[in-house]
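Please read the structure below before turning to the comments.
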Amino acid sequence: MKYTFEIICMLLIVGLFVLTQVVGNQFYFFIGFVILQYMVMATAWNILGGYGGYVNFGSAGFLATGAYTAVALINFLDVGLVEQMVAGGIFAGLLGLATGYLTLRLRGVYFAIATLALAIILETVVAHWDYVGGAAGTSILPKRKPELLGELIVDRKAGIFANYKEYLFFLMGTVAIISVWVARYIENSKLGRGLNAIKDSEEAAECMGVPTLRLKLIATTISGAMMGVAGAPLASYLTFIDPLSAFNLEYAINAIAMPMIGGTVSWAGPVIGALLLGTAQQVSSLWIQSELNLLIVGVVLVVFVIIAPEGIIGWFRKSRQGSRR
Amino acid sequence: MVELFIKNLNAGYGAVTVLNDVTIDVPNGQTVALLGTNGNGKSTLMRCISGLIKPTAGSIELHEDDGTVIDLTAATPQEIVEAGVAQVPEGRRLFPDLTVEENLTLGAYRKAARATLATNLDYAFTLFPRLAERKTQLAGSMSGGEQQMLAVGRALMSDPRLLLVDEPSVGLAPILVSQMITKIGELGESRGLTILMAEQNFNQAIRIADKGYIIVHGEIAFASKDAADLRENDMVKTYYLGA
Amino acid sequence: MAIFIDLLLNALVIGVLLGGFYAALSIGLSITFGLLDVVNIAHPTMLVLGAFIAFLLNSTWGIDPVLAGIISTPFFFVLGWLIYQVYYNVFEKSGAESLRGLAFFFGLLFIIEVGLIIQFGVDHRLVEAPYIGQSWNIVIGEEIDVAIPFRLLVAFVVAAIATLAIHAYLTKTFFGRAVRAVAQDMMALRLMGVDPIRVKRIAFAMGVATAGIGGALMIIVLPIEPSLGRLYLGNVFAIVVLGGLGSISGTLLAAVIIGIAESIVATFFGPSWAPAVSFGILLAVLAFRPEGLFGKTAGAH
Amino acid sequence: MEIVYEQNYNPKTADFTPILRAANAKKPDAIYIASYPNGSAGLVRALAEVGTDAKAVGGGMVGLQFAGLMAGLGPMLNGIANYDFFVPEPTMNLYPGASALIDRYQSKVKAENLKVDALGYYLVPWAYANLDILGQAVEAVGSLDQVAIGKYIRDNEFTSVVGKIKFGKNGEWERPRTLVVQYQGITNNDLQQFATPGTRKILLPADISTGDIQSFNSLRK
C-alpha cells in the first residue's frame, strides 16, 4: 500500500495519546520526553551528517536557539508551547541557513569546527542577553490552564492532559514522528540522493549536475529547524534554563553518537540509536551513577564503530544478506 | 654494481591481473627503456620492483658483481630502498608543502645516504641549477618541469645503484621532454647508474636507451637485443605507430 | 591615561603568556590533527588526564608539577602508540577514518572523562608549588607596573621550550621531515625508504605525549576537574585551524593571537565576551581564508 | 552605594588577572564576587598575584568551601569573606548532633576511600537535615500524599542536626541561617587546619559570631 508508513505514523501518534491517558505515573513521561527529544536531534543531525556527510558539532547551538526563542516569546507574548515550537523551528532553521551560507567553502573537519565555533559564539551572546536571563539563567513557570484552539489542554481535572509532563511528552512524540517521516521522505527523494552524491564526492556530484550548493542549504535549514523544534520545549520541561545547560556539548555528542550506533544510511538508524542509547542513559542515571551515562555513550560508541561500522542497521542488513547466500 | 633480473612476474590489483609472465633484464650500467602506451602495466611493474605491490608469481632479483643475489620479491619498500633502488614515480609525487631542499633531504632518508647528504645535495644542485635557485620554495608552487627535476633529484639523494624512472615526460612541454630525457641519459653515463625507464614517448626514450622492452596488455611483446635493434627493429615502429 | 597604558600593557603581557599556555594545550593536536590528519578530539581530555596525573604525583609525593608532567610523558607516548595501533587497524587501513574515526575519539573522550570521575570524583583539584600565587612586579613608571604571575610564566616558558623543541625536531631531523611529509603522500614516502605507518604511529604517540606536560601546565594555571577538557575542545581546535594545519609555528602564533585577544577583551570589555571574540576570529578566518592564517595548502579540499 | 565595575566571566576563563586589574583600576572599596569553583579559585589566585587595595573582598564564592580547593589555595584565602553553611567553630555547638554526624561522615569517607569531599562541613549537615525533615513530615502525616506533606512542612517547626528550622511564606528560612565567614590565620596547605576552629571566623549571624571582620590586606602577609 502506498501510504502504509504514513498510516503507521498516525497510529503511533494516536498510541502516544492513549499512553498519556492511560499511564498514571508522570515519571515515565519525564524520561520519555528526553528520549523522544534525542530522537529528533539524532534524526535532524543525520539528514546533514548521515546523508550528506557533513558533521555538525554545533547541534547544541540549534537546540538552544529553539529553547531561547521560546523563552523570549514567553517573556514577550506569553504564547503557548505549540507556538513556541513553531517559532523555535523557524529561528533555528534560519540559523541553519546562515550556517550553510557561512560555511559553504568548508568541508570535513573544517565544517565541524565552524559549527562548534558558531555554537560557542551564540552561547556567549545569549549569556549577555539579560532579557532571557543572561548567564544566570531564568525560571520558566508554565502557564496555568493553557488553551489551544479553545480547548483546555493541561488541567488536573478538566484538561486533555492531567499535567505538563504528559503534554510535553505527547508534543515531543508527535514532533519525533513527523521528523522521522520527513527524514524518510528526504531519503527517498531527489534531495536525499543528491546529498548522498555529495557525501561520496562533492566534485563528482557537481560535475553530474547536482546543485550541491542548494541541496546543502536546504539540508542545513531543515536539520537546524528540526533541532530548534526539539529545543523549544526545553525551558518548559526544565522550568529553568541557562546557557550552560542549553548549550551543553552532551546534546551535540548524543546527536552524533545515536545515528552512528543505529546506522547513518537510513532514517531507522537514528531512531534505533536514540531508543537504545537514550533508554540506556536514562536507566543508568536512575539506578546506577549518573556519570555512567557518559561512560555508556563512550563505550557503546567505541565498540560500535569498531565491530559494527554501519551501525545496527548495517549489521542487520549484512546478516540478512549473509543468510540469503 | 648491480643487475636487475625479473623472471616470469605476475602481479595485479585484487582479482585483476595486470602483469603476465614478465621477464626483464637490466644489465649493470645500462639504461633500459620500458616502452608502452598508457594502461599496459608499466607503472605496475615499477611498483612491483619498489615493493609497493606484491607480485603473485615470479621473482625480482638484484645480482651484485661478487655474485651475491638480493631477492626483492618479498622485500618491503624500505628494504628495497636500502638495497640501493630508487624510483622517480609517475606523476612526480612530491611533497607539495615542503620546500625543495626538504624534498631533496627526505630523499636521503636511507641510512647509507645520510652521511653523504651534503655531497648529494651539491650534486643535485649542479645537475639542476634551477633547484638551487628555488631551494626554499614550496615544491607544490613550482612548474611541471621544475617538479620533474626535483623528483629526479630526490631519487638520486638516496645514492641508488638502480634508478627506476616512471614516465618522466608526462605533462611536460616537448622541449622540456627532450631536455629531461637527455639529463637522464647523462646520469647513466656520469654516475654509472643502472636505469630502468618507463616511457610512452618512444622517440625520446630510444634516443638514450641501451636496450628496450615493449609491454602490451601486461605482457612483454618485444625485447630488443641492443640499442641498434631497439632503434631499427620494425616491431618497435609498428607498436610506436600505434598498431 | 596612565591607567589605560597600565591596563593595556598588562593585558598584552598576560595575553602573550596565556598564548604560550594555549600553545602547550594545542601543540599535540597540531601534530596529530594538523600533520597526520587524525581528528583526535579526545586530546583536551587527555590533557586533563595529564593534569590529574600531575595532581596525583604532586599530592602524594610532593613532586613539582612540571617535573610530574615530564615523568608522565612516556606514559602518554605509550598510550598514543596503542591508540594509533587500534585506529590504524580498524579505521585507517580500510579507509573509513573520517566519520567513524571521529566517533571513535568522541567515545574515547567520554571513557577517559568518566574514568577520571570514577577515580577522582568531580571536585576541582589544585597543585602546590612555590611559584603558584606569586608574581613578579615590574614598576615601569608612575602608576604603571606590570605583574607577571609566576604560574603563567612557568607555563609560558615550558610551552615555548616544548614548542620550539618540537618545531626543531620536525624541521631538522630526518624523522621529523618524514612526519611533515606523511600526510602529503604516503606512497612517495615509501619510495624514500620510510615506513609511513611507523612514522604516523610514532608521531601520533608524540602528539599524545604532549598531554603529559601540557596537562601539568593546565593544573598549574587553573583548577581542574574531569569535564574541563570539553570546555577547551573548541579552543584548541580553533587555535590549530587558525594557525593553519601542518604549521607548528602557526599554531604558536595563533595561540598568542587568541591569548592577546582574550586578555584585551577581558580587560576592556569584560571577560565574558572573550570566547565570542576568539571564535569570531576563527569563524571569520574559516569563512574567508579556510586554509588558516599560516596554512600552506587550501583547507577546504 | 556606587558600583564602579561590574562584569561577568566565562566558565572557561583560564586567567583572572586582567579582570582584577580592570576592577582595581576603578579603585573600589569593596569587591563582591559571585563565582563558581573555577572562577573562585582563579580569582583567589589573581588576588594573590595582583593584589588589591579594596578593604573587603569576597561574597558568594562557590567552591572555596570544598576540601580540595581549601587545601589547594591555603594561605591565599586569608582575608576573604565568604558565605558558608557550617564551619567547625565553637558557637556552632547549638546544632545538636552535627559534630557527631560530621565525625561519622569523615571516618566513613576515610575508611571506604570515597571520592567525595573529605571534610563535609559545607553540605553534609544540611543535606542530612533535608531528608530528616522530609522523613519527619512523612511520619507525622502517615502517608505519601504530597499535598499533605507539603502543608505539614510549611506549618511546623522542625528540629534536626542543624537546630530548629521553620519555613517562611515563600519556602525560605524564616530566620536566615547562612553564615558569613572570614578566612583568617591560614598558614599552609594542610587540610586538617580547616577541621579546627579559627580558620573561618563567623561574622554573621551576629548571635553566633566568633570574630570581627578585618580589612582584607591586614590579614595578608
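Below, chain A is the first sequence line, B the second, and so on; all start at residue 1. Just so we're clear, the structure is a prediction, and the values are computed from it rather than from any experiment.
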- Could you tell me which portion of N235(C) (side chain, backbone, both or neither) has an atom closer than 4.5 angstrom to a non-hydrogen atom of chain D? side chain
- Item | Proximal component of N113(D), with respect to chain C [non-hydrogen, under 4.5 Å] | neither
- Does any heavy atom of chain D fall under 4.5 Å from the side chain of I219(C), the backbone, both, or neither of them? backbone
- Note on the structure: Of Y22(C), Y232(C), F33(C), the one forming a ring pair (Phe, Tyr, Trp, His ring centres under 6.0 Å) with F237(C) is F33(C)
- Query: Among P223(C), G121(C), A147(C), which residue forms the greatest number of heavy-atom pairs with chain D at distances under 4.5 Å?
  - Reply: P223(C)
- Query: Does atom CH2 of W136(C) have more than 12 heavy-atom neighbours, drawn from other residues, nucleotides or ligands, at distances under 6.0 Å?
  - Reply: no
- Item | Region of Q134(C) in contact with chain D, defined by heavy-atom distances below 4.5 Å | backbone
- Sort L231(C) into side chain, backbone, both or neither according to what part of it lies under 4.5 angstrom from a heavy atom of chain D. both
- Message: Looking only at side-chain N and O atoms, does Y9(D) offer a donor or acceptor that is under 3.5 Å from a partner on N38(D)?
- Response: no
- Under 4.5 Å from any heavy atom of chain D - which part of I132(C): both
- Query: Is the number of heavy atoms from other residues, nucleotides or ligands under 6.0 Å of Y5(D) OH greater than 12?
  - Reply: yes
- Side chain, backbone, both or neither: which part of F21(C) has an atom under 4.5 Å from a heavy atom of chain D? side chain
- Part of A71(D) lying under 4.5 Å from any heavy atom of chain C: backbone
- Let me know if Q119(C) has heavy atoms under 4.5 Å from chain D in its side chain, its backbone, both or neither. both
- Message: Testing the 3.5 Å rule here: is there a donor-acceptor pair between the side chains of T17(D) and E49(D)?
- Response: no
